[in-house]
Amino acid sequence: MQEQFTELLQKKLIMVTGKGGIGKTLTSVALAYRAQALGKKVCLVESSAHDQIAALFGSAPVGHQQRELAPGITVINVNPQDNFRDFVIKHLGFSKLFEKVFTKPIVRSFIQMLPGIAELTLLGRLYYYSELDKEDNFDLIIFDGFASGHFQSLMKTPDAVMHSGMVGPVIEETKRVRSFIADRDRVGVLLVTVPEELVIAEALDFVDRLQRETPAPLAAIAVNRCFPAFPPVASDAAQTDLAGALKYWETRVAAEAKSLDRLLTGLKDMGGRELPVFRLGERGAFTEPLQAEEVRAWIGGAARL
C-alpha cells in the first residue's frame, strides 16, 4: 500500500488541532509512531493541565521534563511558568537577567499579566525544538495542539505581540518565530474532524479563519471515525438477523458521504481543494497503553479522498 501522510511527515513541525474529543491526541501519537517507523526521531509536545499523552504510552505523567517513552519518541508537557524560564534562558540567552529580575514575585506577577506571553513562549518552544536544539536534534516535532478555537488564538499571537508596542529582543524573536510558523515547507497544521455535518461546518469555518487571519499553513485534513464498507453477508438467515444493523449502516454511510461532499465542496469554494484530505476508519476505543503496530496500522490505512 502506498505510504500515507508521507509528505506531511517530511515537515519539521506538525501542529494537530480540531474540535475537542474527536481523536486529535490519538492522531498525534499515531503520527509519531508512523514517523518512528520511518526512522525519525520524534518529539511529542503538549501543553495541558493534565498529561494526556504519557498514559497512551503506559507511563506516569512526564510534566515539563522531556522523557523518551518509546524508542525514538520523546514526550513533554510544557507549562507556562517553566516554559517562560526556558524561553528567557535558553532561547534569549539571558540566564543572569532571569535570576536577578524575573525571579522576583512582583515581576513574575507582572509578566503573567502580559497578553500573549504564555502563547508566545509556547511557540518559542516549538521553534527552539525545530530549529535551534542541537543537543536533542529531533527530526520531527508533533504538537498535540489545543482545540480549534484556542489554537486559532495561539496562531494569531505573533501578530498581536508585534503590534503591542513592545520593543527589544522579544519583538525580534517574535518575528523569527512568525517567519518559521509561516514556512509551509517546514511547518504544517493537521486539522482532525469527523464526518458529521455540524462538525464539518465548524471545520470549514476554522479553515477559512486560519488561512485569512494567521500565518500558519494548513497542510492536511484527517476525517476520523469514518465507517468501513459493510462486510459481506454469508447467508439469507444471517442477512435477516443483520437487517437492522445493515439499515443503520446504510443510513450512517449516506450521512457520512453527504458530510464529506460538503467538506470537499467547501474547500474547493475557498480555493483549498488541493489540500490532502484523509479518511481514517472507525476503530472504536484503543486499549491503553497503545500498541505501536496496531496504531501504525490504523493510521497507515488512511485513504486519501
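Hydrogens, waters and symmetry mates play no part in the numbers below; they use all other heavy atoms, side chains included.
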Where the side chain of Asp51 meets the backbone of Val62, is there a donor-acceptor pair that is under 3.5 Å apart?
-> yes
Heavy atoms of Pro276 and Ala219 approach each other most closely as CD-O, 3.1 Å
When rounded to the nearest 0.5 Å, the distance separating NZ of Lys258 from CD of Glu196 is 13.5 Å
Note: Gly23 and Asn224 closest approach over all heavy atoms is CA-ND2, 4.0 Å
In this structure, CD1 of Ile200 is separated from CZ of Arg262 (nearest 0.5 Å) by 8.5 Å
- Query: Between Arg279 and Glu256, is there a salt bridge with N-O shorter than 4.0 Å?
  - Reply: yes
Smallest heavy-atom separation, Leu275 atom then Leu218 atom, equals CD2-O, 3.1 Å
Checking side-chain contact (heavy atoms from CB on, under 4.5 Å) for the pair Tyr127/Leu122: CA distance, chi angles, key distance, verdict?
CA-CA 9 Å; Tyr127 172 64; Leu122 174 56; over 6 Å; no
On a heavy-atom basis, the closest approach of Thr214 and Leu210 is OG1-O, 2.8 Å
Tightest non-hydrogen contact, residues Pro158 and Thr174, listed as O-CG2, 3.5 Å
Worksheet item: For the residue pair Phe146 and His150, does the interplanar ring angle fall in the parallel (under 30°), tilted (30 to 60°) or perpendicular (over 60°) class?
Response: parallel
Would you call Lys156 and Glu119 a side-chain contact if the rule is heavy atoms closer than 4.5 Å? no
query: Does the side chain of Phe206 come within less than 4.5 Å of Gln152's, by heavy atoms?
result: yes
- Evaluate the side-chain proximity of Leu123 to Arg178: yes if any heavy-atom separation is below 4.5 Å, no if none is. no
The reported gap from CG in Leu26 to CD in Gln52 (rounded to nearest 0.5 angstrom) is 12.0 Å
Practice item. Report, as yes or no, whether the 6.0 Å neighbourhood of atom CD on Glu282 holds more than 12 heavy atoms from other residues, nucleotides or ligands. Key: yes
Any chance you could lay out the side-chain contact (heavy atoms from CB on, under 4.5 Å) test for Phe143 and Thr17, step after step, and finish with the verdict?
CA-CA 9 Å; Phe143 175 45; Thr17 185; over 6 Å; no
Going by heavy atoms in the side chains, are Lys41 and Leu140 under 4.5 Å from each other? no
Residues 25-45 vs ring-ring contact (aromatic ring centres under 6.0 Å, His included), sequence neighbours excluded, gives Tyr33-Phe57
Under 4.5 Å between any side-chain heavy atoms of Phe180 and Leu13, yes or no?
-> yes
Practice problem: Just do the side-chain contact (heavy atoms from CB on, under 4.5 Å) check on Phe138 and Val42 with the steps written out, would you? | Solution: CA-CA 6 Å; Phe138 294 115; Val42 183; over 6 Å; no
The reported gap from CG in Asp205 to OG in Ser148 (rounded to nearest 0.5 angstrom) is 9.0 Å
request  = Take Arg186 and Glu131 through the salt bridge (Lys or Arg N to Asp or Glu O under 4.0 Å) test and state the conclusion after the steps.
outcome  = CA-CA 10 Å; Arg186 298 181 64 74; Glu131 299 292 282; 2.6 Å; yes
Could you tabulate the donor-acceptor pairs under 3.5 Å formed by side-chain atoms of residues 63-71, not counting sequence neighbours?
| unit_1 | atom_1 | unit_2 | atom_2 | d |
| --- | --- | --- | --- | --- |
| His64 | ND1 | Asn79 | N | 3.2 |
| His64 | NE2 | Asp86 | OD2 | 2.8 |
| His64 | NE2 | Arg125 | NH2 | 3.2 |
| Gln66 | OE1 | Tyr129 | OH | 2.6 |
| Gln66 | NE2 | Asp136 | OD1 | 3.1 |
| Gln66 | NE2 | Asp136 | OD2 | 3.2 |
| Arg67 | NH1 | Ser59 | OG | 3.2 |
| Arg67 | NH2 | Pro61 | O | 3.4 |
| Glu68 | OE2 | Gly72 | N | 3.1 |

In short, Lys11 meets Asp185 closest at the heavy-atom pair CG-O, 4.0 Å
Between the CZ atom in Arg34 and the CG atom in Leu8, the distance rounded to the nearest 0.5 Å is 12.5 Å
- [ ] Check for a donor-acceptor pair, side chain of Glu46 on one end and backbone N or O of Gly145 on the other, with a separation under 3.5 Å.
- [x] no
| message | Evaluate Val16 against Ile142 for side-chain contact (heavy atoms from CB on, under 4.5 Å), listing each step before the verdict. | response | CA-CA 7 Å; Val16 182; Ile142 298 176; 4.2 Å; yes
Problem - Evaluation steps, side-chain hydrogen bond (donor to acceptor under 3.5 Å, both in side chains), between Asp144 and Thr25 - result: CA-CA 6 Å; Asp144 179 26; Thr25 297; 2.7 Å; yes
- Query: Between the main-chain N or O of Gln211 and the side-chain N or O of Glu213, is there a donor-acceptor pair closer than 3.5 Å?
  - Reply: no
- Ignoring hydrogens and angles, tell me if any N or O in the side chain of Ser179 forms a donor-acceptor pair with the backbone of Arg176 under 3.5 Å. no
Interatomic distance, OG1@Thr193 vs CZ@Arg225, rounded to 0.5 Å, equals 10.0 Å
Do Val223 and Val194 have side chains that get closer than 4.5 Å, going by heavy atoms? no
Residue pairs meeting side chain to side chain donor-acceptor pair (under 3.5 Å), one or both in residues 296-305, sequence neighbours left out, come to Gln36-Arg296, Glu293-Arg296
Review point. Do Ile14 and Ile141 have side chains that get closer than 4.5 Å, going by heavy atoms?
Key: no
Side-chain touch Leu190/Thr27, heavy atoms, less than 4.5 angstrom: yes
